[in-house]
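All figures in this text were calculated on a predicted structure; none of them were measured in a lab. What you see below is based on every heavy atom in this structure, not just the backbone, and it leaves out hydrogens, waters and symmetry mates. By convention in this document, chain letters (A, B, ...) are assigned in the order of the sequence lines, proteins followed by strands, and residues within each chain are numbered from 1.
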Protein chains: 2
Amino acid sequence: MVDTVPRSASRPGMPARAVPAPVVGRLPGYLQALEALISERVPTVSSEELAGMCGVRSAILRRDLSHLESAGRRGVGYDCAALAATIREFLGVDRTRRIGIIGAGRLGSALADYAGIPDRGFALHGVFDIDPAVIGTTVGGVAVAPVAEIHRVVAAERIELIVIAVPASSAQAAADAAVDAGVRGLMSFAPVVLTVPSEVSVRHVDLATELQVLAYYTSVESPDTRPAAPGTDPAGARTDTDAPADTTEQQQ
Amino acid sequence: MVDTVPRSASRPGMPARAVPAPVVGRLPGYLQALEALISERVPTVSSEELAGMCGVRSAILRRDLSHLESAGRRGVGYDCAALAATIREFLGVDRTRRIGIIGAGRLGSALADYAGIPDRGFALHGVFDIDPAVIGTTVGGVAVAPVAEIHRVVAAERIELIVIAVPASSAQAAADAAVDAGVRGLMSFAPVVLTVPSEVSVRHVDLATELQVLAYYTSVESPDTRPAAPGTDPAGARTDTDAPADTTEQQQ
DNA sequence: GTATGTGAAATTGTTCACAGCA
DNA sequence: TGCTGTGAACAATTTCACATAC
C-alpha cells in the first residue's frame, strides 16, 4: 500500500493550510476505516457508511473531506483507494515516515512493536536510551543507541519523528536532545509539559490524564444521575488531543 | 443564549454538571501542575502562572475553573491544595479508582507500571490475558488472571475502569468481556472502533493516529505552502490564508 | 494595586437541508 | 435515483475586557 509514487516529495499538492485541527484529528480514523474496506475489496463507500464506521456523522465526514480536494462521485460515493491515497498524501504519510523512540524500557519496547507495524506509514529507525545495560540490545528490530548519539543517528537514518517513552524526570532532556537533533515532531508519553521551540509539534498522551477523564464520565452519570441529555457529550477530537476518540459511545 | 444544556439540578454533593468536554479534558493537566506546585510547597498560584505551566491561556483557565465551584481569591490567586482537592473531587479521583488491564503483553505490562504509580488516583487490581503462558505470572504486582474470570475479579476487586491493551483483533472481545463484567469505563490502545452500550465511556489512544497527525503538522510547516493552482479548488474556496500557525500542540 | 469571575463579542466548529451532478 | 458538496443556520468554545473583591 505504501508504494510511494516516484514523485516529488517536497510538497503535498493540496491546499494544506487552514484545515481545522479537529478535522486533521479525524482523518486518521477515516484512513483506517478505508484501509479495512480496501482489504475487503470494497470499491466505494458512501459518506453515510464510512461515517458510521468511524463513529461520526455523515455531514461531518463530508465537510471534513471537502477540506482536501475530495474525490467523491455524486450518486456513487467515494472511491476507497483514491480517498485513502488522498488522505495519506494530505497527512504526509504517503511516503514512509521514519521514527525513533527514546526510552528502551518496557513502554518503549512495547511501542517499538506497534511502530514497527508496516502499512501505517511509519518505520522504526532508531531506539535510544541512557542505560548502558540496554544499549546495544535489539528493540523493535533496531539496536539501541546512546541518547548522546541521537544527533548522528537521526541524521544518518533521516528520522523525522521521535516518540518519548522515558520517565517524567528525563522527558524534557529527551525532548531537548530530539529537537537538537533536528526533529520537528515529538510524541510524548511522559506526564509533563514539554517546552520546545515553536516550530516543533508535540503530541502528548498520558495514561493518568485519560483515566481521570474516564473517571469523570463514569461517575457523572453512573450511579444515579440521569439529568437528561448530558450523556451525549461527544468528546470532540481535541486538537491535540485529542484524540479522535469519543468518550461516550452513542448510537442513534 | 438559551441555555440548551441542562445544567440540571446537580447532585447536592458538589459538582455542577454540564461541563463541556474540552474543559474536562484540561482539568487533569491543571491537577498535574498543581501537584507539582504543592510538592514544592508553593501555597498559591495566579491563573496566569498556572495557565503558563499547562500551556493554555489564563482566560481559559479561569473560565474552566468557573465551571466547578472555583476557589480563587481575587487579588491573590488560587490556593494550590484547595484547588487540587476541588479538581480531584470533581473528576472523581478524590478516592482511589481501581483499574484492570486486559492484555499482559509488552504494552499491558508497561502500562501496568504506570498504572501502579500512586498519587494519581488509581490502583491496579487486575490483569487479564488469554495466553496460558502468562496467566499466573505477576504483572504490575498483580497475578495475571484468565479473561474468562474477569467478571469474578472485577466484582471481587471492585474494579471500575479497564484498560485494553490487546491486539486489534481481540479488542472488541475484550471490551465485551469488560462491559459484561460491569465496567463502565474503557480505555483502549487498540486501533479499532469499539462498540459498547451507551452507558459505557470509551477513551481511545492510537499510536498510529497520533503519529499521522504529527506527520501532518510537521510537513505543513513548509515555508512555501503554496496552495497549488487556484483551479484545483472546486469552489473558489475562501482560502483563509494565514494559518493559526500553531505548530505547537498543547496537550489535551 | 492585584487577580478573579463573567457578561458580551468574536471565533470556531457542527448540523441542516438542498442544489446539482453522476 | 442516489449521494456529494456546500451555503446558511445554529451551536459551542475561546477571547476580550472590566466590574468586583481581596
> Are any side-chain N or O atoms of B/Gln172 and backbone N or O atoms of B/Thr195, one a donor and one an acceptor, separated by less than 3.5 Å?
Replying inline: yes

> Can you tell me how far C1' of D/dT14 sits from CG of B/Asp64, to the nearest Å?
Replying inline: 10 Å

>> As a test of reading the structure: which of C/dA19, D/dT15, C/dT15 is closest to the side chain of B/Ile60, going by heavy atoms?
In response: D/dT15

>> I want to verify a distance call: between D/dT13, C/dT6, C/dC16, whose nearest atom is closest to the A/Ala59 side chain?
In response: C/dC16

> Want to settle it: does A/Gly75 or A/Val23 sit nearer the 5' end of DNA chain C, counting the closest nucleotide to each?
Replying inline: A/Val23

> Rounding to a whole Å, what distance do you find between B/Leu61:CG and C/dT6:P?
Replying inline: 14 Å

> Looking at the side chain of B/Ser47, which of D/dC22, D/dT6, C/dT4 is the nearest nucleotide?
Replying inline: C/dT4

> Nearest to the side chain of A/Arg74 - C/dT6, C/dT15, C/dC21?
Replying inline: C/dC21

>> Can you tell me which residue among A/Leu50, A/Val45, A/Ile38 is in a side chain to side chain contact (heavy atoms under 4.5 Å, CB included) with A/Leu83?
In response: A/Leu50

> For B/Glu48, does the CD atom sit with more than 12 other heavy atoms under 6.0 Å from it, leaving out its own atoms?
Replying inline: no

> Has A/Arg98 got more than 12 heavy atoms of other residues, nucleotides or ligands less than 6.0 Å from its CZ?
Replying inline: yes

> Where the side chain of A/Tyr78 is defined as all heavy atoms beyond and including C-beta, which of C/dT4, D/dG5, D/dT13 is the nearest nucleotide?
Replying inline: D/dG5

> In whole angstroms, how far is the C1' atom of D/dG5 from the CG atom of A/Leu68?
Replying inline: 13 Å

> Backbone N or O of A/Ser47 within a donor-acceptor pair of the A/Arg62 side chain at under 3.5 Å?
Replying inline: no

>> Counting only side-chain heavy atoms from C-beta out, which of C/dG5, C/dG13, D/dT6 sits nearest to B/Arg62?
In response: C/dG5

> Given atom CZ of B/Arg57 and atom P of C/dA10, what is their separation to the nearest angstrom?
Replying inline: 18 Å

>> As a test of reading the structure: which of C/dG13, C/dT4, C/dG7 is closest to the side chain of B/Arg63, going by heavy atoms?
In response: C/dG7

>> What is the separation between atom CD on A/Glu48 and atom P on C/dC16, rounded to the nearest whole Å?
In response: 11 Å

> Which one, D/dC16, C/dT14, C/dA3, comes nearest to the side chain of A/Arg26?
Replying inline: C/dT14

> Whole Å only: how far is the CZ atom of B/Arg73 from the P atom of C/dG5?
Replying inline: 9 Å

> Rounded to whole angstrom units, what separation is found between the NE2 atom of A/His67 and the P atom of C/dT12?
Replying inline: 13 Å

> In whole angstroms, how far is the C1' atom of D/dC3 from the CG atom of A/Leu65?
Replying inline: 13 Å

